[in-house]
**Student:** 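First the structure, then my questions, so here it is.
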Amino acid sequence: MRLSVEPSTDPAVYDFTHEIRVRFVETDAMGIVHHSHYLAYFEETRVAYLRRIGHPFTQWREDGLESPVLESFLQYRTPLRFDDVMTVHLRLAAVTRATFQMAYLITADDGTSDTVRATGVTVHGCTTLEGRPTRLPAWLRELGEHRS
């Protein structure tokens, strides 16, 4: 197991936020967001974060790299429903030579305040486009060093 990060429920510890509105198609027969969609929310936020810091996934591919998910952790706390506007908070939580971990917090307004809806972590490796493991890009290792 590579996962070593405990995601915080404090929005202040996160470096980046991204808003997403729940679509009807993402809900199940109980009227709540199906559990499978939360990882997609994490991915959408991760893609937006990397674009914001100047290293979009398109650049990764141009550089001959991929960042596959090796592990994921997700804790559901309060359901999301159709048309809720969630804020997905993200932080680069840990970086090694070969992996990086992203921590996530999902909050949404319940009518009186923002409530924690879910927390999670994704662990990523780095591979060539052919799928061979390789080191993380230098910029990512450096970003991780500044987190310490």
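On a predicted model such as this, the values are computed, not experimentally measured, just so you know. The figures that follow rest on heavy atoms only: side chains count, while hydrogens, waters and symmetry mates do not.
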**Student:** Using a 3.5 Å distance criterion without hydrogens, assess whether the side chain of Y14 forms a donor-acceptor pair with backbone atoms of S8.
**Tutor:** yes
**Student:** Could you go through the side chain to side chain contact (heavy atoms under 4.5 Å, CB included) check for F73 and V123 one step at a time?
**Tutor:** CA-CA 9 Å; F73 166 78; V123 180; over 6 Å; no
**Student:** Among the clusters formed by ILVMFWY side chains lying less than 4.5 Å apart, do Y76 and L90 turn up in the same one?
**Tutor:**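 Same hydrophobic cluster.
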**Student:** Quick check: does any side chain N or O of Y104 sit under 3.5 Å from a backbone N or O of H89, one acting as donor and the other as acceptor?
**Tutor:** no
**Student:** Measure from the ring center of H55 to the ring center of W60 and say whether it is less than 6.0 Å.
**Tutor:**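 No.
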**Student:** Determine whether R81 and V22 make a side-chain contact, defined as any pair of heavy atoms from C-beta on separated by less than 4.5 Å.
**Tutor:** no
**Student:** With rounding to the nearest 0.5 Å, note down the distance linking CG in D15 to CE in M102.
**Tutor:** 9.5 Å
**Student:** Does the side chain of I20 reach to within under 4.5 Å of the side chain of V88, using non-hydrogen atoms?
**Tutor:**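 In short, these two side chains touch, coming nearer than 4.5 Å.
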**Student:** Rounded at 0.5 Å granularity, tell me how far OG1 in T17 sits from OH in Y49.
**Tutor:**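 Those atoms lie 12.5 Å apart.
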**Student:** Work out which heavy atom in T78 is nearest to a heavy atom in V116; give both atom names and the distance.
**Tutor:** OG1-O, 3.4 Å
**Student:** Does any donor atom in the side chain of T122 or Q101 lie under 3.5 Å from an acceptor atom in the other side chain?
**Tutor:**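 Q101 and T122 do not have a side-chain donor-acceptor pair below 3.5 Å.
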**Student:** Indicate, with yes or no, if M86 and F82 share a hydrophobic cluster defined by side-chain heavy-atom contacts under 4.5 Å among Ile, Leu, Val, Met, Phe, Trp and Tyr.
**Tutor:**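 As far as the 4.5 Å side-chain criterion goes, M86 and F82 are not connected within one cluster.
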**Student:** Look up atom CD1 in I106 and atom CG in L74, then write down how far apart they are to the nearest 0.5 Å.
**Tutor:**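 I106 CD1 to L74 CG: 7.0 Å, rounded to 0.5 Å.
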**Student:** Does T27 reach the main-chain N or O of G31 with its side chain, forming a donor-acceptor pair under 3.5 Å?
**Tutor:** no
**Student:** So do Y41 and V33 actually touch side chain to side chain, heavy atoms under 4.5 Å?
**Tutor:** yes
**Student:** Any donor-acceptor pair under 3.5 Å linking the side chain of D10 with the backbone of A12?
**Tutor:** yes
**Student:** Just so I know, are the side chains of P56 and L50 near enough to count as touching, which here means a heavy-atom distance under 4.5 Å?
**Tutor:** no
**Student:** Given 3.5 Å as the limit, does a donor-acceptor pair link the side chain of Q75 with the main chain of A118, or not?
**Tutor:**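 Flag not set: sc Q75 to bb A118 has no pair under 3.5 Å.
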**Student:** So F16 and H18, would you call those rings parallel, tilted or perpendicular, with 30° and 60° as cut-offs?
**Tutor:** parallel
**Student:** With a sphere of 6.0 Å drawn around CZ of R135, does it hold more than 12 non-hydrogen atoms of other residues, nucleotides or ligands?
**Tutor:**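 Open.
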**Student:** Where is the tightest heavy-atom contact between A94 and V5, given as atom of each residue plus distance?
**Tutor:** CB-CG2, 4.0 Å
**Student:** Judged by atom type as modelled, is there a donor-acceptor pair below 3.5 Å linking the side chain of D110 to the main-chain atoms of T112?
**Tutor:** yes
**Student:** Does L3 reach the side chain of L70, with side-chain heavy atoms less than 4.5 Å apart?
**Tutor:** no
**Student:** Hey, are the side chains of F100 and L143 touching, using non-hydrogen atoms and a 4.5 Å cut-off?
**Tutor:**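 No. Closest side-chain heavy atoms not under 4.5 Å.
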**Student:** For the OG atom of S67 and the CG atom of L136, what is their distance to the nearest 0.5 Å?
**Tutor:** 9.0 Å
**Student:** Using a 3.5 Å distance criterion without hydrogens, assess whether the side chain of T115 forms a donor-acceptor pair with backbone atoms of A108.
**Tutor:** yes
**Student:** Decide yes or no on side chain to side chain contact (heavy atoms under 4.5 Å, CB included) for F42 and L39, but give the supporting numbers first.
**Tutor:** CA-CA 5 Å; F42 290 173; L39 290 174; 3.9 Å; yes
**Student:** Regarding R21 and D83, does a basic nitrogen lie under 4.0 Å from an acidic carboxylate oxygen?
**Tutor:** yes
**Student:** Does any N or O in the side chain of E71 come within less than 3.5 Å of the main-chain N or O of R2, such that one atom is a donor and the other an acceptor?
**Tutor:** yes
**Student:** When hydrophobic residues are tied together by side-chain contacts of less than 4.5 Å, even through go-betweens, does V69 share a cluster with V47?
**Tutor:** no
**Student:** Where do R141 and T96 come nearest, in terms of heavy atoms and distance?
**Tutor:** CG-O, 4.2 Å
**Student:** Are the side chains of T127 and P68 in contact, using a 4.5 Å heavy-atom criterion?
**Tutor:**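 The answer is yes; the side chains approach within 4.5 Å.
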**Student:** At what distance, to the nearest 0.5 angstrom, does CD of E44 lie from CZ of R46?
**Tutor:**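 Spacing of CD (E44) from CZ (R46) equals 11.0 Å.
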**Student:** Would you say the side chain of D63 lies within less than 4.5 Å of the side chain of P137, judging by non-hydrogen atoms?
**Tutor:**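 No - every pair of side-chain heavy atoms lies 4.5 Å or more apart.
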**Student:** How long is the gap from NE2 on H124 to OG on S72, to the nearest 0.5 Å?
**Tutor:**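 The NE2 atom of H124 sits 9.0 Å away from the OG atom of S72.
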**Student:** Judged by atom type as modelled, is there a donor-acceptor pair below 3.5 Å linking the side chain of R117 to the main-chain atoms of P79?
**Tutor:** yes
**Student:** Same cluster for I53 and L92 if Ile/Leu/Val/Met/Phe/Trp/Tyr side chains link at under 4.5 Å?
**Tutor:**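 Yes: a chain of side-chain contacts under 4.5 Å links I53 to L92.
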